[in-house]
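Some notes on the structure that comes next.
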Amino acid sequence: MTYDRVKIEELLNYPGIGRVTLHKLSKLGIEYVHELVLFNPEEIMELANIDIEKACQIIRLARRIVGRRAKALNALEYEHVMNTRKCFTTGVKSIDKLVKGGITVWDICEFAGEYGSGKTQLCHQLAVTVQLPEERGGLESRAVYIDTEGTFSPSRIRDITSRFQLNAEKALKNILVYRPINVAELEELVVEELRSILASNVKLIIIDSIIALYRAEFKGREWLARRQQRINYLIDWLKRYANLYDVAVVYTNQVLSQPVPWGIAYKVPAGGNIIAHAATHRFLLRRSQDKWVIECIDSPKIARGSSATFKITEKGLEDTK
Ligand code: GTP
Ligand code: MG
């Protein structure tokens, strides 16, 4: 859904909202009414130091102004809405087939795997394919690339854009790269910074990787509950964006060795239940000699265990044949 960019000054036209309240909201960096819809009243209360009744009133008003109403759809209407969501190609036919067409807005996709399994390469490719014109399977949109591991490579983007015959400079400008150094920066970026830029034709948020900063910062069992709480908070914001701005979210995850009493330990995505439940579709990537395999491990529409193969070349991810 695209929202009209109504400035928050509009709120002054309603009883009970004055300049002081408006000032507190703009100090949070909120410029437009549609941004308010993202918040819970409790967050507005805490962040802007506004009492809870007024915070509830502000959120209600904002929802009314942007025309967002809690309304049930019958299942047929719901099916139509879900089936007509925009999606974009991964640039690899076998992966598009696996994910039933492409990467779809509102969905959250997790790509987990060991080092060298192709996670970062896939993220680079998606940052380019989302920009393709619609007739070539793209959304003609920009991407946000949150690089927590320092592996984003503009030269790799250039390689991939030349394969898709896009202008490299234009394509690079359409990727907004952030490199947070700790969890506080990552949260600030997601909660405060992204809010204002997503409305301007961003259709993909990439986080490579979702877990690295949390694992580095919250070490040891005594911090586990806190770590999970923080990850949950971040993911909750990503979900709000996905729904409100029609954005696809893609994140990578590390894997852990799951020891078994017999046989060889197998790999499971890190981050426990919080991350497991957050993603709409979960995939495990692995290298298998000279090719790579992507396998679905959880999804409401893709059979568990179904997989696709691809190769990684100078031009990015490609079909094996
Ligand atoms: P970690 O971030 O270490 O966990 O790994 P990852 O899963 O992100 O791996 P990544 O996507 O960075 O790399 C996967 C593989 O892609 C590498 O092992 C290389 O074999 C291959 N690769 C990366 N860059 C290039 C390139 O420029 N050309 C070619 N031919 N292959 C590349
Ligand atoms: Mg990587």
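Position 1 is the first residue of the sequence; numbering continues from there.
In this structure a side-chain-to-backbone donor-acceptor pair under 3.5 Å is missing from Q125 to G316. Listed for the E217 side chain is a donor-acceptor partner under 3.5 Å among the backbone atoms of V183. Distance alone, capped at 3.5 Å, places no donor-acceptor pair between the Q165 side chain and the T161 backbone. Using modelled atom types, no side-chain atom of H124 and backbone atom of I160 make a donor-acceptor pair closer than 3.5 Å. For D208 (side chain) and E149 (main-chain N/O), no donor-acceptor pair under 3.5 Å exists by modelled atom type. Proximity of a side-chain donor or acceptor of E187 to a complementary backbone N or O of E192 within less than 3.5 Å is not detected. For T320 (side chain) and K311 (main-chain N/O), no donor-acceptor pair under 3.5 Å exists by modelled atom type. With hydrogens and angles ignored, the 3.5 Å screen pairs a side-chain donor or acceptor of K219 with a backbone N or O of A216.
Between D107 and R85, at least one side-chain nitrogen of the basic residue sits less than 4.0 Å from a carboxylate oxygen of the acidic one, meeting the salt-bridge criterion. Under 4.0 Å is where a charged nitrogen must lie from a carboxylate oxygen, and between E43 and R240 at least one such pair does. Between D159 and R156 there is a salt bridge, since a side-chain N of the basic residue sits under 4.0 Å from a carboxylate O of the acidic one. In summary, R287 and E114 do not engage in a salt bridge, as defined by a charged side-chain N under 4.0 Å from a carboxylate O.
Aromatic ring orientation, W292 versus F310: parallel (interplanar angle below 30°, classes split at 30° and 60°). Below 30°, between 30° and 60°, or above 60°: for H34 and Y245 the angle between ring planes is above 60°, a perpendicular geometry. Ring-plane geometry between F283 and F111 is classed as parallel, the angle between the planes falling under 30 degrees on a 0 to 90 degree scale with a further cut at 60.
Annotation: side chain of Q254 is not in contact with side chain of K267 (no heavy-atom distance under 4.5 Å). Taking the side chain as every heavy atom from C-beta outward, V99 and T104 never approach each other to under 4.5 Å. Looking at V268 and V255, their side chains never come closer than 4.5 Å, going by heavy atoms from C-beta outward. Counting heavy atoms from C-beta outward, I275 and P269 have side chains that stay 4.5 Å or more apart. Put simply, the side chain of K203 reaches to within 4.5 Å of the side chain of V105, judged on heavy atoms. Residues L186 and Y214 meet the side-chain proximity criterion, which asks for heavy atoms closer than 4.5 Å. The shortest distance between side-chain heavy atoms of V92 and E318 does not fall below 4.5 Å. Two residues are said to be in side-chain contact when any heavy atoms from C-beta on lie closer than 4.5 Å; L76 and E79 meet this criterion.
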Checklist line | D246 and W106: CA distance, side-chain angles, deciding distance, side chain to side chain donor-acceptor pair (under 3.5 Å) verdict | finding: CA-CA 6 Å; D246 290 348; W106 300 2; 2.6 Å; yes
Notebook entry, point to check: Between K27 and H23, does a side-chain contact (heavy atoms from CB on, under 4.5 Å) hold up when you go through it step by step?
Noted result: CA-CA 6 Å; K27 259 176 56 189; H23 181 64; 3.6 Å; yes
Item checked: Derivation of the side-chain contact (heavy atoms from CB on, under 4.5 Å) call for S307 and I294 -> CA-CA 5 Å; S307 64; I294 173 169; over 6 Å; no
Next item on the list: Report the C-alpha separation of R136 and T89 in whole Å, then their side-chain angles, then the decisive distance to 0.1 Å, and conclude whether the side chain to side chain donor-acceptor pair (under 3.5 Å) test is met.
Entry: CA-CA 8 Å; R136 289 172 60 202; T89 178; over 6 Å; no
Item checked: side-chain contact (heavy atoms from CB on, under 4.5 Å) between Y145 and I205, worked out -> CA-CA 6 Å; Y145 199 115; I205 303 173; over 6 Å; no
Next item on the list: Applying side-chain contact (heavy atoms from CB on, under 4.5 Å), run through R19 and L22 and close with a yes or a no.
Entry: CA-CA 5 Å; R19 293 247 160 234; L22 207 71; 4.3 Å; yes
Notebook entry, point to check: Does the salt bridge (Lys or Arg N to Asp or Glu O under 4.0 Å) test come out yes or no for E169 and R158, once each step is laid out?
Noted result: CA-CA 8 Å; E169 266 75 39; R158 283 181 185 273; 3.0 Å; yes
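In this structure, the separation between NZ on K7 and CD1 on I30 is 13.0 Å, given to the nearest 0.5 Å. If you take CD1 on I59 and CD on E42, they are separated by 9.0 Å, rounding to the nearest 0.5 Å.
The minimum heavy-atom distance linking H281 with S299 is given by the pair ND1-OG, 2.8 Å. The two atoms that bring Y251 and A278 nearest to each other are OH-CB, 3.6 Å, heavy atoms only. P180 and T148 make their closest contact through CG-CG2, 4.2 Å (heavy atoms, listed as atom of the first residue, atom of the second, distance). Pairing each heavy atom of L36 with each of A62, the nearest pair is CB-CB, 3.7 Å. When all heavy atoms of F152 and D147 are compared, the pair lying nearest together is N-OD2, 2.9 Å. The two residues D51 and M45 make their nearest non-hydrogen contact at C-CG, 4.4 Å.
Taking the ring centre of W223 as origin, the terminal cationic atom of R227 falls outside the region bounded by 6.0 Å and 45° from the ring axis.
Ring-centre distance between F39 and W237: below the 6.0 Å cut-off.
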